[in-house]
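Step one of this worksheet: look at the structure below.
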Amino acid sequence: MKFYGIKKVTLIDFPENIACTLFTHGCNFRCPFCHNPELVIEKPNSKEELIDAEIIEFLHKRKNKLDGIVITGGEPLIHKQNLQDFIEVVKNIGLKIKIDTNGTNPDHLEKLINNNLIDYVAMDYKCSPEKYYIMGAKKGSFTKVEKTMEILKNSGINYEIRTTVVPGIHNIEEINNMGEYLKGISKYVIQNFVPHGLIDPDYNKKKSFEIETLKEFQKAAQKFVRKVEIIENY
């Protein structure tokens with residue numbers, strides 16, 4: 001397993017845990033507002049890669065200072081068996097695992113959950129089904145996203161569903177349309193769009209929502225989910 005970045009300590013990426021964050025390369029989406037384009041559309045730079053042996057050595061040294069790790073991307077779950085092999089080693093060190101995912105690999109996620117290899121999942125719920133084409137999604141992608149939400153609802157592990165709200169894509173009507181698929185979800189996070197270093201340069205010209213608008217989105221989502229959090233700047 002190869003990684004293309006590490007944040008050696010984070011207090012915010014893994015709720016209630018001190019963690020480090022690892023970044024995988026590659027994604028099956030092309031979200032125009034993605035803030036990690038170097039992990040999605042650019043070719044990997046071999047000089048920047050971190051092999052799992054290096055990471056494992058680091059984790060062994062820091063295991064008494066860290067509670068867990070966050071694996072993000074890109075889309076980590078496209079790496080399937082390589083990812084699972086790495087996670088098994090990390091779990092044996094005694095660290096917790098959080099996975100960030102776009103929800104399009106439900107079968108592999110379910111396998112990891114069933115093998116008790118994941119402690120927390122943050123799944124991106126981009127938009128209503130009819131708008132998923134904006135993310136460069138293939139036909140049938142939303143069906144997989146919906147399946148992932150059902151898996152998480154029934155998993156017994158901690159998780160959150162989150163949406164980055166973007167001007168031109170999200171409004172009150174869109175939040176209401178999305179809400180129909182959120183019923184039964186335990187925690188929903190609305191995080192504000194940040195126009196900086198994005199895949200589509202045109203999106204850098206957009207402005208983040210004002211806090212008042214975010215609160216309106218929150219109120220709309222609370223009709224479907226009891227616990228709705230706002231992140232004004234993530």
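Note that these values count all heavy atoms, side chains included, but never hydrogens, waters or copies made by symmetry. Residues take their numbers from the sequence shown, with the count starting at 1.
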No-hydrogen, no-angle side-chain donor-acceptor test under 3.5 Å, [X] and [Y]:
X    : Y    : answer
K223 : N176 : yes
N28  : N102 : yes
E160 : Y120 : yes

Value rounded to 0.5 Å, distance of [atom1] in [X] from [atom2] in [Y]:
X    : Y    : atom1 : atom2 : result
I69  : N17  : CD1   : CG    : 12.0 Å
L83  : L109 : CG    : CG    : 10.0 Å
I231 : I190 : CD1   : CD1   : 10.5 Å
L198 : N36  : CG    : CG    : 10.0 Å
E88  : L112 : CD    : CG    : 8.5 Å

For F29 and Y132, take the angle between the two ring planes, folded into 0 to 90°, and tell me which bin it lands in: parallel under 30, tilted 30 to 60, perpendicular over 60.
perpendicular

Could you go step by step and tell me if Q81 and D85 meet the side chain to side chain donor-acceptor pair (under 3.5 Å) rule?
CA-CA 6 Å; Q81 191 60 49; D85 292 343; 2.8 Å; yes

Which residue, D124, T164, T163, forms the side chain to side chain donor-acceptor pair (under 3.5 Å) with Q191?
T164

Does any N or O in the side chain of H108 come within less than 3.5 Å of the main-chain N or O of K80, such that one atom is a donor and the other an acceptor?
yes

Are the side chain of K131 and the backbone of I169 linked by a donor-acceptor contact shorter than 3.5 Å?
yes

Enumerate the residue pairs fulfilling side-chain hydrogen bond (donor to acceptor under 3.5 Å, both in side chains) with a member in residues 146-159, sequence neighbours excluded, ordered by first and then second residue.
D107-K147, E150-K153, Y159-S186

Tell me, which pairs form a ring-ring contact (aromatic ring centres under 6.0 Å, His included) where one or both residues lie in residues 160-181, sequence neighbours left out?
F142-Y181

Which pairs, with at least one residue in residues 59-79 and sequence neighbours excluded, count as a ring-ring contact (aromatic ring centres under 6.0 Å, His included)?
none

Check step by step if salt bridge (Lys or Arg N to Asp or Glu O under 4.0 Å) holds for K98 and D67.
CA-CA 11 Å; K98 173 179 177 268; D67 300 311; over 6 Å; no

Distance under 6.0 Å and angle within 45° of the ring axis: does K206 meet both against Y203?
yes

